[in-house]
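Below is one structure, written out as structure tokens; comments come after it.
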Number of protein chains: 2
Amino acid sequence: MARAIIAGAGALPGLLLQSGPAHVVRMQGVESDPLDAPEIVARFEQFGALFAALRDAGVQDVAFAGAIGRPAFDPSLMDPETMTLMPRVAAAMGQGDDALLRTVAAIFEEAGFRVVGALDLRPDLAMTEGAVFGTPGDAQRADAARARAVLDVLGPLDVGQAAVAAKGQVIGIETLQGTDAMLRFVGASLPASGGVLVKRPKPGQDLRMDTPAIGPATVMKAAEAGLSGVEIAAGSVLVLDQEGVIGACEASGLALWAAS
Amino acid sequence: MARAIIAGAGALPGLLLQSGPAHVVRMQGVESDPLDAPEIVARFEQFGALFAALRDAGVQDVAFAGAIGRPAFDPSLMDPETMTLMPRVAAAMGQGDDALLRTVAAIFEEAGFRVVGALDLRPDLAMTEGAVFGTPGDAQRADAARARAVLDVLGPLDVGQAAVAAKGQVIGIETLQGTDAMLRFVGASLPASGGVLVKRPKPGQDLRMDTPAIGPATVMKAAEAGLSGVEIAAGSVLVLDQEGVIGACEASGLALWAAS
């Protein structure tokens, strides 16, 4: 059951490596931290070569970890396997992040690999239901419920992993630009709202490919945006650097809790 | 059938006055343009006095026009009628703009007035289905459909009169802060998206109290945000200053169309 971690930016590849030995795949043009593991270097234009290298290494399980971005793609470098796959990938790209990731997962599975998620390897990185730091008040719970209702209806449209409500009103809904951009918008337009950030996967989202995550920076950015609390989905949002996250809650006074 | 226009900011009170003679109600703390019509001065703390003044003037139909904002409210000035109404108003305030406006409309109706909307008085201010300026391309139509799908699911939650999509991705969803704030966010985070702004009432929204509207400034702000087109709902979005709007489309190159 040899394993490979396709490494993107941030701490997640290293955290997954802690769950057991693995090859680390470095994609050209993707930033990733150095790790103490055998490496496979690959590029998006050459899926055929990547699959061959994974097979040569005896890899059966593949985990995607960390932000990949949308690196430059040079069509002149494509190998035949990639050319065959391109129409599917291109079609999926127009349908939102989730559709694209589902297609990429299907492509790896059809090539004979099992796609495993961050939570399969490190279930301890998610939180069980309940308070993580502080205790949410009734108004915070009500704001969280309002933000959750928005995410519930948007999920089937493949929109929104996060939303913010304050005093019963919705004041931020995550779009393509991501959670940080939404928090900057909220902070700039309503500086001291005291609102609650809710972060959770879209209903039906393939968690193996893209598990929502928070870290100390998320808490600090929520605090800078004038919020009073953060609710994450129990069991399906990664908390990267739990000690650092609790330290950020202490420093900023924000409450943090996990809800089902 | 004497009529009163409760005047807020902007051009709408004057446009409604053009449909026939009316008293103009000036609420203390609310900005409104001078108009050539008999005035009734009132304050939010004294609904009883306002209703009495309207009856004295023989008013049967009441139209709300223009932005009212949330002016200061001095509880010590409340008359008995307002005290009786406050619990209902306060409860509605926590449920979103639409709930609040529905409650205010109900209060006026229970006091014996008929609430009429801007489109009842000036149906010519809305557009019939079709191109207003330029012709939307297929990609623009597809982006508009994507933004519309988002507004359709959010409407029942009383969220969102506008959204922006570009290249199949949702990049802006209006929240409490309004359309202009959303356009600034889109322009700042994705400067040249070429996206489409869709503006339409929420499904089930009471158009009498708050009819979505665009004007020349809306088109210019959409252009500054890097968009390529604007779609409004046929028959239910007011176009204030149609000549100015078309001039703004000409100046900016944005397409504008109405869809059912």
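Quick note on labels: first sequence line is chain A, next is B, and so on, each numbered from 1. Treat the numbers as computed from the prediction; the structure is a model and nothing was measured.
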Apply side-chain contact (heavy atoms from CB on, under 4.5 Å) to the pair B:R146 and A:L157, showing each step before the final yes or no. CA-CA 9 Å; B:R146 184 102 171 95; A:L157 297 174; 4.1 Å; yes

Note to self: Applying a heavy-atom distance below 4.5 Å, give me the residues of residues 220-229 of chain A that approach chain B, sorted by number.
What the structure shows: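 Interface residues of residues 220-229 of chain A: none, nothing closer than 4.5 Å to chain B.
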
Evaluate whether atom CD of A:E31 has more than 12 neighbouring non-hydrogen atoms of other residues, nucleotides or ligands under 6.0 angstrom away.
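No.
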
**Prompt:** Going by heavy atoms in the side chains, are B:L207 and B:P212 under 4.5 Å from each other?
**Reply:**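 Yes; the side chains approach each other to less than 4.5 Å.
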
Is there a side-chain contact between B:V230 and B:I232, using heavy atoms and a 4.5 Å cut-off?
->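 With C-beta onward as the side chain, the pair touches.
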
Name all residues meeting the side chain to side chain contact (heavy atoms under 4.5 Å, CB included) criterion together with A:D206; count only those two or more places apart in sequence or in a different chain, and write none if there are none.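 Scan of A:D206 (side chain to side chain contact (heavy atoms under 4.5 Å, CB included), adjacent residues dropped) gives A:R102, A:A105, A:R208, A:M209.
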
List the atom of A:A248, the atom of A:S252, and the distance in Å for their closest heavy-atom pair.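 Taking A:A248 first and A:S252 second, the nearest heavy atoms are O-OG, 2.7 Å.
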
| query | Would A:V30 and A:F44 satisfy side-chain contact (heavy atoms from CB on, under 4.5 Å), going step by step from the backbone distance to the final call? | reply | CA-CA 10 Å; A:V30 174; A:F44 287 101; 3.7 Å; yes

Legend entry - side-chain contact (heavy atoms from CB on, under 4.5 Å) between A:M127 and A:V237, worked out: CA-CA 7 Å; A:M127 310 304 289; A:V237 171; over 6 Å; no

(message) Could you check whether B:T179 and B:E174, counting side-chain N and O atoms only, form a donor-acceptor pair closer than 3.5 Å?
(response)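 Note: B:E174 and B:T179 side chains meet the donor-acceptor criterion.
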
Against chain A, work out which of B:I171, B:L176, B:V186 has the most heavy-atom pairs shorter than 4.5 Å and name it.
->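 Counting heavy-atom pairs under 4.5 Å, the top option is B:I171.
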
- Pairs involving residues 160-204 of chain B, ordered by first then second residue, that meet ring-ring contact (aromatic ring centres under 6.0 Å, His included) (sequence neighbours left out):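 Checked against ring-ring contact (aromatic ring centres under 6.0 Å, His included) - neighbours excluded - the pairs reaching residues 160-204 of chain B are A:F185-B:F185.
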
Chain A neighbours within residues 189-203 of chain B, where any heavy atom lies under 4.5 Å away: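 When heavy atoms of chain A are the reference, residues 189-203 of chain B contributes B:S189, B:L190 within the under-4.5 Å range.
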
